[in-house]
*Asks:* 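Below you will find the structure I want to go over with you.
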2 protein chains.
Amino acid sequence: MKEKLSIIKIGGNVIENEEELSKFLTSFSQLKGFKILVHGGGKLATQLANQLGIESKMFQGRRITDADSLKIITMVYAGLTNKNIVAKLQSNNCNAIGLSGADGNIIKAHKRPVRDIDFGFVGDIENVDASIIDQLLTINLTPVFCAMSHNKHGQLLNTNADTIASEIAIAMSTIYETTLYYCFEKKGVLMDVNDDNSVVTEINSESYKQLLFDDVIADGMLPKMENCFHALKNNVKKVCIGNTNMLDSQSKLFTTLTL
Amino acid sequence: MKEKLSIIKIGGNVIENEEELSKFLTSFSQLKGFKILVHGGGKLATQLANQLGIESKMFQGRRITDADSLKIITMVYAGLTNKNIVAKLQSNNCNAIGLSGADGNIIKAHKRPVRDIDFGFVGDIENVDASIIDQLLTINLTPVFCAMSHNKHGQLLNTNADTIASEIAIAMSTIYETTLYYCFEKKGVLMDVNDDNSVVTEINSESYKQLLFDDVIADGMLPKMENCFHALKNNVKKVCIGNTNMLDSQSKLFTTLTL
């Protein structure tokens, strides 16, 4: 029987709120068994770019990562955010080790091909080295990944944190029984967007089709759900979506997705 | 018999020169056996601080690390510099893993006690966990340390890179036959400061006394040499001082210190 592994992704909404982050890191530290944290960036990078007079280049609402932006991202994601999370986890007796995808050659990617637009230094993942991650877990380290990959030719690349989390989860599923947790602002998938407690607690491939048909899942939730089912179809056992409270063992109000 | 381990420290003069850094990282990658890289910071942090209008506070020529400076250091040392070095080593097929002292709780320190002056977030090292470093080496990873420690209570701390290198070397000497390489601008300890090739190739405790007496070693070299002999007295086998060329196997012009 495979051992259990939890992979938790947090985003800007948690990272930017010191109290929320501290509370989350305590819960994360108390989580039993093997675990991995993946964190996004948040507004800190944008703030620093503004302070330095570096313009955020966007195309149709999507960010373009030019050389200056990549420097900012490397400083904030891999430096400030990652190391502060690691130091805080250490204070909770969680033996964290902060990583980018370049470290240990764990996440190899290639620069997104230019089609209509050049997104700059954005990496599409080719491969996650599950064996190195497994070896780190085996020596009781808890990997903490920032949202960066590399191309193995010396170039760091910016990669979406949700994608990093799901690709790590998929790779680790060959060795572990993997649960992927996406923490976001809401308690889960809501039947009624105006009712924060109208959480759909369980979704599978069948009920997903119905939710799509009923327009319960639309807009921003669509790519998130596609990402979840992509993970499930690639041997991730379970995907949970909710706010950071879902890590508390007594919490029941979040969405669990299975195939 | 103990296996051999090389610990190489590079400073700002290498990091700031792209060509020099690239050449060094190639030599480092080709180095046989177990190895560890320790890098300092350099002017990048000062440049970023200036751009952000953060004043570098100094006291009698020594830098004070206030909260803003610590953020800059975390972004530049642990982020930009560390991850770019890791990505470049990866392109040379060296399986590097970038670390601060908080990662894996490897370098535990305490904030330097306030006597005449509060140096701010500067860490004096208490303990280096040789066993975690050994485990990383054993799974064929090459640790790359930036000059940061932590206090295990959630606080990152700025720590001198020379000291980090010597304390890691001392800790690792319980397991490995350790050689510590300090790369700096010159080819080694010079008999005549005006003659770059007047390298004293071998120094031991006895000849060191004579060099001190003859005023060959003075000023900035004194603390460096004290640091070297501190390492040697604590079971580091050999300390070498010279420029980055000393890593090339055919190079002979550098200073080797032994007890």
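Numbered from 1 within each chain, the chains take letters A, B, ... in sequence-line order. All of these numbers come straight from a predicted model, not from anything done at the bench.
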*Asks:* Which answer fits B:N151, side chain, backbone, both or neither, if we ask what part of it has an atom under 4.5 Å from a heavy atom of chain A?
*Replies:* neither

*Asks:* Rounded to the nearest 0.5 Å, what separation is found between the CG atom of B:L70 and the NZ atom of A:K83?
*Replies:* 13.5 Å

*Asks:* Would you mind telling me which of A:T142, A:I106, A:N105 has the largest number of heavy-atom pairs within less than 4.5 Å of chain B?
*Replies:* A:N105

*Asks:* Using heavy-atom distances under 4.5 Å, tell me whether A:N92 contacts chain B through its side chain, its backbone, both, or neither.
*Replies:* neither

*Asks:* Given side chains that start at C-beta, do those of A:I132 and B:L141 come closer than 4.5 Å, heavy atoms only?
*Replies:* yes

*Asks:* So, A:Q51 side chain and B:L52 main chain: donor-acceptor pair closer than 3.5 Å or not?
*Replies:* no

*Asks:* Looking at B:K237, I want to see if its NZ is surrounded by more than 12 non-hydrogen atoms of other residues, nucleotides or ligands under 6.0 Å.
*Replies:* no

*Asks:* With rounding to the nearest 0.5 angstrom, report the CD to CD distance, B:Q135 to A:Q135.
*Replies:* 11.0 Å

*Asks:* How long is the gap from CG on A:L48 to CD1 on B:I72, to the nearest 0.5 Å?
*Replies:* 7.5 Å

*Asks:* How about B:L136 and A:I139: do any of their side-chain heavy atoms sit closer than 4.5 Å?
*Replies:* yes

*Asks:* Are there more than 12 heavy atoms of other residues, nucleotides or ligands under 6.0 Å from atom NZ of B:K2?
*Replies:* yes

*Asks:* Less than 4.5 Å apart, side chain to side chain, heavy atoms only: is that true for A:L99 and B:D103?
*Replies:* no

*Asks:* In the structure I gave you, are the side-chain heavy atoms of B:K152 and A:N93 within less than 4.5 Å of one another anywhere?
*Replies:* yes

*Asks:* Could you grab the distance from atom CD of A:Q155 to atom NZ of B:K88, nearest 0.5 Å is fine?
*Replies:* 9.5 Å

*Asks:* Does the side chain of B:T74 come within less than 4.5 Å of A:M75's, by heavy atoms?
*Replies:* no

*Asks:* Using non-hydrogen atoms and a 4.5 Å limit, figure out which bit of B:L80 sits close to chain A: side chain, backbone, both or neither.
*Replies:* both

*Asks:* Select, from B:S100, B:S131, B:G79, B:C94, the one with the greatest count of heavy-atom pairs under 4.5 Å involving chain A.
*Replies:* B:G79

*Asks:* Measure distances from A:N140 to the heavy atoms of chain B and classify the residue's part below 4.5 Å as side chain, backbone, both or neither.
*Replies:* neither

*Asks:* Got a second to check how far A:N84's CG is from B:H150's NE2, nearest 0.5 Å?
*Replies:* 12.5 Å

*Asks:* Just checking A:R112: does its CZ atom have more than 12 heavy atoms from other residues, nucleotides or ligands closer to it than 6.0 angstrom?
*Replies:* yes

*Asks:* Find the one option among A:G101, A:A96, A:S91, A:G98 whose heavy-atom pairs under 4.5 Å with chain B are most numerous.
*Replies:* A:S91

